[in-house]
Amino acid sequence: MRGFDHEEIEKRAQEKWASLGLYQTDLKNAAKKPYYLLSEFPYSSGDLHIGHWFAFAVTDIFARTKRMQGANVLFPIGFDAFGLPAENAALKNKLDPKEWTYKNMERMRGQLRSMGASFDWNREVVTCEPAYYKWTQWLFLKLMEHGLAYRAEAPVKWCPKDQTVLANEQVIDGACERCGTPVEEKRLTQWFLKITEYAERLLEDLEPLPWREEIKEAQRAWIGKSEGARITFLISGQNKKIEIFTTRPDTIYGATYVVLAPEHPFVSKINFSNEKEVEKYIAETRKKTERERSEQKEKTGVKLEGVSAINPATKKEIPIYLADYVLASYGTGAVMAVPAHDERDYEFAKKYDLPIKQVVEPLFVGRREDDTPKPNLPFVERPAITAIVKHWKDDAYLLLDWKGVAWTTFITGGVEEDQTPQDAACREIIEETGYRNLRLVKELTRYHSRFFHTPKQRNQFAHFSSLYFQLTDGSQDPVPPEEQAKHQYRWVPREEVEQTLVPNGQKFLWNSLQREAAYVGSGILADSAEFSGRDSEEAKSDIVKAVGGEQATEFRIRDWLVSRQRYWGCPIPVVYDPEGKPHPVPPEHLPWLLPTDADFRPNEKGSPLASSKELKERVEKLFGKGWLPEYDTLDTFVDSSWYFMRYLAPKNEHDFSDKRLMKKWLPVDRYSGGSEHTTMHLLYARFFYKALYDLALVPGDEPFLERYNRGIILGPDGEKMSKSKGNVINPDEFVKKYGADAVRVYLAFIGPYNEAGNYPWNLDGVAAMRKFLDRIVRLALRAEAGPHLTHLSSIAARAAAKVEADCERFKFNTAIAALMTLLNELEKAKKISQKVMREFVVLLAPFAPHLAEHLWNELGGKGSVHQQTWPKAGPAPLKGETVEVIAQVNGKKRGAIRLTTTASESEAVAAAKHIAAVVTALGGRKPKRVVYVPGRILNLVI
RNA sequence: GCCGAGGUGGCGUAAUUGGUAGCCGCACAGCGCUUAAAACGCUGGGAGGGAUUAAAAUCCUCAUGUGAGUUCGAGUCUCACCCUCGGCACCA
């Protein structure tokens, strides 16, 4: 049977919607609840690809269901239209970037319309239009007015291929996010937005947002808060000081040198003797790209000779180094190095042979059932030893198997008052194993342990000295019987020791003997003057006070660099007086137009705008001789940081949005977009909104209530689509062959839309959905006028409830599965009424809007199907209706019984006893216990 | 390395949030319609096994990355481990 003519149906449906003005949202409507559904607007790249369909056609389903459920839905569309690709494409095709962009948008509008999405085109915003960027500039000036936009000289990331600076967020693994070229570092004077001032709030306000954990976590990581202290180290004999930042002030007694970043300005302020060598090192590091610096395996550095710093805790003089493992841009650009407790410092100290002083000793707390300390008992403290004993000739070690408990350890024991740890260890070894010819090889790290001592029935807090012995021969005394009764010794080869040992403290000790490393955990302080013996975490703040430091919080996030040395962007509305001082362009001159006479080809000399005669003349004419324009344009992420506000009043000439409408419509109820924007656009937009909130320009301080990161459509081969792989899916082909509705339904069916999964495109998928739609058409042809079967109507109502709930949580795949199930049911019916069919078509409308409109007409429906209200939720199972209850014996299914929802337990048991399999399983025994969940399950336990 | 999200048939997925594992599709197989094919329709299927049988129906065991545990009952909860994807990473 032939299917429907989708092209004809699509055309007619879209004309109908336009003539009815269905999708012109009246934002002032007071009767309906406003609902703002936003999908990240597309970049004007040219062709609409399958990802665009995924982004817009699927969210349109939600817009349509919401509307049918009575909401006043704003579902806008626009274009992110400034940006580098326009310039690159224009260069390639010898066009103007503007021409290229506007041609693309025209094409994309047509393609977007073909989706049958319910966009309100009257609210379209285009970021490259002067009417829009006037307000981008106005907002920038507002930020500037309040010190949130500032100009500063700073080391910045420069992409040599794109010939522009980049924001930190646009550098991925040391390379340009756009073209993959390794970035270089330059010192330039550029415009920044003070996002760091909002770091704390961006972090805190994340907490209550109902976003998926992975999105929040990515933002938290990007903001990168760490709490610590700033501590001042004096320079010996020079009356100067250097401030360091550390998160581990508790380890300060172990700080054995100080490291400055090579770019640290302090280097030029102190005197040292090896200037040549130091300059050479600084020059070398400056030459390296960020990627080279992070990829180099070995640490490098140089000592400043003839100068030293004073550790404020120990008062000892310690050397000062320059090393590029310390970053100039984080903290104070200087650190106190604690090699014993920091991996990087450890590596550096090993290479340059610097002292390593341990000041934190690990503490282990019993965690098993039998050794977890009892909360109400006091701890009995005592010194103890752990002895590792090596065989006289094999690579094997003495372990004790304790009798009666699953407990295997090294030799351990207490230390009596008159004993040294070594004496105690020797005594224990001889007593427990009889071996007597011992040679102490070395002392190992001390450690501590809190545990419940089961034989003694008390909490114990043991302080272990650790000693490493080797036997010189195998001579042995007899082991006394009382020791033999406690444990049995045995020799264990090196490779089996770790898995054989039970106590965590001893495992740690063994591992640190195998491979020396920094201990970065917390524990008990040692060798730390009056702080020795205290818990390292708990002593932190006291130590900071004692050394005259102060608590400090640092963030990883940097201020947002917004200058771009490119043409096709929003001009920065700033001019410079003859002294070079920046001044805002007064609002009456906005929009500050992008000149059309600039040579937009990138060049080494600077920004393309510098080549515009018109811009220079404009500035001189308005401000006077000697005044100069700003030549840089704004990062396009500035344009997109506020577009969702402009949708509310896209044509307002007097304000960037509309105060009253913002109050009613913001925050955005649900924002759908790509996960690649989690730490860029999404973070920037949150910052922007908070800043505007502080300037009393917007009604709240979080712009997006819900956020959903959409997944990615992969090629049919399961790989990411790319031209070089030849696996790119062109949506237009599928639309032409199967119709827009089939493509929409397939994309919605491909996987759960509420998580950012990767979904391979199935080449048969759209055809399958077309078959589904064809079956609906055939069913509709069978529908008859006249009385309908209530039974079918109630099935449809139940499906409606399921579809509604699934759409609400962005699970369109299961919503469609429910529609398919419903279709299967309806097809089975001998007779089907037009009324039931119309109910079905209403449910179908959000998914296949064109076909649903067509069928609605055919079935005699009035107006548009899209004006219908969503069916009320299906009734709960009627009282007295029977449901299937699973009969289990010992948790295993043995059959099913039909029961009313109100059936009692004894009725259920009686019914179950009619099932042969239940009787067999019971085997004549009486159930010891009966678990009955009405309507669900009956479990007989024997 | 740290953090986060996951791991279910040949494939995409589902499971009322602790209650029949595999809904809905794809692909596949058999059958029907047809001169034939396409289209369409019907039927089937997690894996393994047993008995009866012409066949069907029926029955049992094992199955949600691996191993333990909690529970009357675990894909779902707890612990350990393995793997995949994503974020951060010389951030002191």
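These numbers come from the heavy atoms of this one structure, side chains and all, not from hydrogens, waters or symmetry mates. To find a chain, count down the sequence lines: A is the first, B the second, and so on, and within it residues start at 1. Quick caveat, the model's predicted, so the values are computed rather than measured.
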Original post:
OP1, OP2 of B:rG86 versus side-chain N and O of A:Arg212: anything below 4.0 Å?
Top reply: no
**OP:** Between B:rU76 and B:rG7, how far apart are the C1' atoms? Round to whole Å, please.
**Re:** 14 Å
**OP:** Would you tell me if any nitrogen or oxygen in the side chain of A:Asn813 comes within less than 4.0 Å of OP1 or OP2 on B:rG25?
**Re:** no
**OP:** Classify the nucleic acid contact of A:Val335 as base, sugar-phosphate or nothing, counting any heavy atom under 4.0 Å across all strands shown.
**Re:** base
Original post:
Which one is paired to B:rA68, where only Watson-Crick or G-U wobble pairs with both distances under 3.5 angstrom count?
Top reply: B:rU78
**OP:** May I ask you to check whether A:Tyr253 and A:Asn311 show a side-chain donor-acceptor distance below 3.5 Å?
**Re:** no
**OP:** Check every strand shown and say whether A:Arg558 touches a base, only sugar-phosphate, or nothing at a heavy-atom separation below 4.0 Å.
**Re:** base
Original post:
Considering only the C1' atoms, how many Å lie between B:rC59 and B:rG50, rounded to the nearest integer?
Top reply: 8 Å
Subject >> Any A:Arg220 side-chain nitrogen or oxygen under 4.0 Å from OP1 or OP2 of B:rG87 >> reply: no
Original post:
Would you call B:rG65 syn or anti, using the 90° rule around 0?
Top reply: anti
**OP:** Output yes when at least one side-chain N/O atom of A:Lys811 is less than 4.0 Å from OP1 or OP2 of B:rA15, else no.
**Re:** yes
Original post:
Can you check whether A:Tyr330 has a side-chain N or O nearer than 4.0 Å to OP1 or OP2 of B:rA92?
Top reply: yes
Subject >> Residue mapping more 5' on RNA chain B - nearest nucleotide basis, A:Gly331 or A:Leu940 >> reply: A:Leu940
Original post:
Taking the nucleotide of RNA chain B with the closest heavy atom to each, which residue, A:Leu327 or A:Gly891, is nearer the 5' end?
Top reply: A:Gly891
Original post:
Base of B:rU17 relative to its sugar, syn (within 90° of 0) or anti?
Top reply: syn
Subject >> Whole-Å distance separating the NZ atom of A:Lys720 from the P atom of B:rC85 >> reply: 13 Å
**OP:** Would you state whether a donor and an acceptor, one from the side chain of A:Lys299 and one from the base of B:rC90, lie under 3.5 Å apart?
**Re:** yes
Original post:
Base, sugar-phosphate, or nothing: which does A:Asn824 touch, judged by heavy atoms less than 4.0 Å apart?
Top reply: sugar-phosphate
Original post:
Do you see a donor-acceptor pair shorter than 3.5 Å between the side chains of A:Arg230 and A:Thr332?
Top reply: no
Original post:
Does anything in residues 247-255 of chain A reach RNA chain B, meaning a heavy atom under 4.0 Å, and if so which residues?
Top reply: A:Thr247, A:Arg248
Original post:
In whole angstroms, how far is the C1' atom of B:rC2 from the CD atom of A:Glu343?
Top reply: 10 Å
**OP:** Flag the pair A:Arg809 and A:Glu706 as a salt bridge only when some basic side-chain nitrogen lies within less than 4.0 angstrom of an acidic carboxylate oxygen.
**Re:** no
Original post:
OH of A:Tyr746 versus P of B:rA27: gap in Å, rounded?
Top reply: 11 Å
**OP:** For B:rA63 versus B:rG75, give the span between their C1' atoms, rounded off to a whole number of Å.
**Re:** 11 Å
Subject >> Any N/O donor-acceptor pair, A:Asp764 side-chain to B:rC26 base, under 3.5 Å >> reply: no
Original post:
What nucleic acid atoms does A:Met769 come within less than 4.0 Å of, heavy atoms only: base, sugar-phosphate, or nothing?
Top reply: sugar-phosphate
Subject >> A:Arg770 CZ - B:rC26 P separation (whole Å) >> reply: 15 Å
**OP:** Describe the nucleic acid contact of A:Val930 in one word from base, sugar-phosphate, nothing, applying a heavy-atom distance below 4.0 Å.
**Re:** nothing
**OP:** Go ahead and name the base partner of B:rC28; Watson-Crick or wobble counts if both distances stay under 3.5 Å, otherwise write none.
**Re:** B:rG44
Subject >> Pairing nucleotide - B:rA89, Watson-Crick or G-U, each distance under 3.5 Å >> reply: none
Subject >> Integer angstrom distance from the P of B:rC11 to that of B:rG48 >> reply: 16 Å
**OP:** List the steps and the verdict of salt bridge (charged side-chain N to carboxylate O under 4.0 Å, His left out) for A:Arg770 and A:Asp774.
**Re:** CA-CA 6 Å; A:Arg770 172 61 189 238; A:Asp774 284 338; 3.1 Å; yes
**OP:** Give one of base, sugar-phosphate or nothing for A:Ile886, where a contact means two heavy atoms less than 4.0 Å apart.
**Re:** base
Original post:
Considering only B:rA15, B:rA92, B:rG4, which nucleotide approaches the side chain of A:Glu213 most closely?
Top reply: B:rG4
Subject >> Donor-acceptor contact below 3.5 Å, side chain A:Lys225 vs main chain A:Glu200 >> reply: no
Original post:
Taking the side chain of A:Trp222 as heavy atoms from C-beta outward, which of B:rC26, B:rC88, B:rA5 is closest to it?
Top reply: B:rC88
Original post:
Hey, does A:Gln888 reach any base, or is it just sugar-phosphate, or nothing, if we go heavy atoms under 4.0 Å?
Top reply: base
Original post:
Quick one: A:Arg778 CZ to B:rC42 P, roughly how many Å, whole number?
Top reply: 10 Å
**OP:** Give one of base, sugar-phosphate or nothing for A:Tyr759, where a contact means two heavy atoms less than 4.0 Å apart.
**Re:** sugar-phosphate
**OP:** Answer with base, sugar-phosphate or nothing: what part of the nucleic acid does A:Phe749 contact at a heavy-atom distance below 4.0 Å?
**Re:** base
Original post:
For the pair made of CD in A:Glu905 and P in B:rC72, what is the distance, rounded to whole Å?
Top reply: 15 Å
Subject >> Option among A:Ile252, A:Ile231, A:Thr251 that satisfies the side-chain contact (heavy atoms from CB on, under 4.5 Å) test with A:Ile543 >> reply: A:Ile252
Original post:
Quantified in whole Å, what is the C1' atom distance between nucleotide B:rA39 and nucleotide B:rU34?
Top reply: 11 Å
Subject >> Polar side-chain atom of A:Asn727 near backbone of A:Lys720 as donor-acceptor pair, under 3.5 Å >> reply: yes
Original post:
So, A:Tyr346 versus A:Phe348, ring centres under 6.0 angstrom or not?
Top reply: no
**OP:** Could you check how far CG of A:Asp806 sits from P of B:rU17, rounded to whole Å?
**Re:** 13 Å
Original post:
Using the ring of each side chain (for Trp, its six-membered ring), is A:Phe54 parallel, tilted or perpendicular to A:Tyr753, with breaks at 30° and 60°?
Top reply: perpendicular
Original post:
Angle class for the A:Tyr746/A:Trp761 ring planes (parallel below 30°, perpendicular above 60°, tilted otherwise)?
Top reply: perpendicular
Original post:
Which part of the nucleic acid, if any, lies within contact of A:Asn762, taking any heavy atom under 4.0 Å across all strands shown: a base, the sugar-phosphate backbone alone, or nothing?
Top reply: sugar-phosphate
**OP:** Determine the interatomic distance between C1' on B:rG87 and the same-named atom on B:rU20; round to the nearest Å.
**Re:** 40 Å
Original post:
Within the distance-only criterion (no hydrogens, no angle test), does the side chain of A:Tyr759 pair as donor or acceptor with the backbone N or O of A:Pro752 below 3.5 angstrom?
Top reply: yes
**OP:** Among B:rC3, B:rC72, B:rA14, find the nucleotide with the atom closest to the side chain of A:Val941.
**Re:** B:rC72
Subject >> B:rC77 versus B:rU16 - spacing of their P atoms, nearest Å >> reply: 12 Å
Original post:
Do any side-chain nitrogens or oxygens of A:Ser226 fall under 4.0 Å of OP1 or OP2 in B:rA92?
Top reply: yes
Subject >> Given B:rA92, B:rC72, B:rG19, the nucleotide with the shortest approach to the side chain of A:Val933 >> reply: B:rG19
**OP:** Pick the P atom in B:rU71 and in B:rU17, then give their distance to the nearest Å.
**Re:** 23 Å
Subject >> Touch class at under 4.0 angstrom, heavy-atom based, for A:Lys771 against every strand present >> reply: sugar-phosphate
Subject >> A:Glu347 CD to B:rC90 C1', straight-line distance once rounded to whole Å >> reply: 9 Å
Subject >> Pairs touching residues 816-828 of chain A that satisfy side chain to side chain donor-acceptor pair (under 3.5 Å), sequence neighbours left out >> reply: A:Arg775-A:Asn824, A:Arg775-A:Glu827
Original post:
Which base, if any, makes a Watson-Crick or G-U wobble pair with B:rG9, both distances under 3.5 Å?
Top reply: none
